[in-house]
Amino acid sequence: RKRGHVACTEDDKTMTMGGLTRLAAQQDRWQDALDAAAEWVGVASDEGREKALAACCDTLQSHKTLSAVNFSRQVKRHWKELRTEEWRRLWEAAAGAHERITSVNLYLQREIKGGIEGVMAGRKRETLQVLDLGLCHGLNGAIPESLGRCAALRELNLDGCEGLSGVIPESLGQCAALQVLNLQSC
């Protein structure tokens, strides 16, 4: 223990982050509620993580104006990584908002495994503008042709997705709005 720092227990995290999540939701501040729940998922362990995931799922289901799902570890490297089944659970909870979601950011979530199609299961792609899967080392398979149906796609980051294989699909050329395509190290 460092001088001036107090160690937080799982109960402390649950009380604090759970309280912030509930308070923001009660005040219809859904983005704040989602941010607090995401932070809680990122820092929680064991039983606290299950409570955090449940709260985050509740928030995702209740969020009336959800447009972005951000579990990026780019500036929050202290967060524990999401496992594939945890991401799927969160994504399914957001199912009612899939057509409104314009941004999905899972940067540096190395424990999410499988193909891109599996990560984005059930997603209506017409409104997707940003898909950041950079440094998601567990992704594998080909870049799906279906990404070419993302007419609004402006940014696609697959940097460091070393498990991806095959050629860049020609269908990406149909993404007229595409401004950033990062395929470095994949």
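These values consider heavy atoms only, across backbone and side chains, with no hydrogens, waters or symmetry-generated copies.
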| field | Counterpart residues, salt bridge (Lys or Arg N to Asp or Glu O under 4.0 Å), relative to E162 (two or more places apart) | value |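 With sequence neighbours excluded, E162 shows a salt bridge (Lys or Arg N to Asp or Glu O under 4.0 Å) to no residue whatsoever.
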Counting heavy atoms not belonging to [X], are there more than 12 under 6.0 Å from its [atom1]?
X: E85; atom1: CD; result: yes
X: E170; atom1: CD; result: no
X: L183; atom1: CG; result: yes

For a quick test of reading the model, state the closest non-hydrogen atom pair linking [X] to [Y] and the distance between them.
X: P169; Y: P144; answer: CG-O, 3.8 Å
X: A25; Y: W30; answer: CB-CZ3, 3.7 Å
X: F71; Y: C56; answer: CZ-SG, 3.7 Å
X: C175; Y: C150; answer: SG-O, 3.6 Å
X: E99; Y: T127; answer: O-OG1, 2.9 Å
X: A55; Y: W40; answer: CB-CZ3, 3.3 Å

Is there a side-chain contact between [X] and [Y] (heavy atoms, below 4.5 Å)?
X: H78; Y: V43; answer: yes
X: E86; Y: R49; answer: yes
X: L133; Y: I112; answer: no
X: V119; Y: V104; answer: no
X: R149; Y: Q174; answer: no
X: T21; Y: D58; answer: no

Any donor-acceptor pair under 3.5 Å linking the side chain of [X] with the backbone of [Y]?
X: T102; Y: Q129; answer: no
X: E81; Y: E111; answer: yes
X: H137; Y: G163; answer: no
X: R22; Y: G18; answer: yes

Distance in Å, [X] [atom1] paired with [Y] [atom2], rounded so as to fall on 0.5 Å steps:
X: S62; Y: D28; atom1: OG; atom2: CG; result: 10.0 Å
X: L139; Y: T84; atom1: CG; atom2: OG1; result: 8.5 Å
X: L66; Y: H98; atom1: CG; atom2: NE2; result: 8.5 Å

| request: List, by chain and number, the other hydrophobic cluster members for Y107, where Ile, Leu, Val, Met, Phe, Trp and Tyr join if side-chain heavy atoms come within less than 4.5 Å, directly or indirectly. | output: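 Same cluster as Y107: L108, L135.
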| salt bridge (Lys or Arg N to Asp or Glu O under 4.0 Å) assessment of R88 paired with E92 | CA-CA 6 Å; R88 287 196 178 126; E92 287 172 16; over 6 Å; no
| query | Hey, is E39 close enough to K76 for a salt bridge, meaning N to O under 4.0 Å? | reply |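 Salt bridge: yes.
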| field | Presence of salt bridge, E50 and R89, under 4.0 angstrom | value |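 Between E50 and R89 there is a salt bridge, with a charged N closer than 4.0 Å to a carboxylate O.
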| R154 versus Q179, side-chain donor and acceptor atoms under 3.5 Å |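 No donor-acceptor contact under 3.5 Å links the two side chains.
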| Listed by chain and number, what are the ring pair (Phe, Tyr, Trp, His ring centres under 6.0 Å) partners of W87, not counting sequence neighbours? |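 Testing W87 for ring pair (Phe, Tyr, Trp, His ring centres under 6.0 Å), a comparison that skips the adjacent residues, returns W91.
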| field | Reference residue L90; test side-chain contact (heavy atoms from CB on, under 4.5 Å); the match among L60, T59, V69 | value |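 The side-chain contact (heavy atoms from CB on, under 4.5 Å) with L90 is passed solely by L60 among L60, T59, V69.
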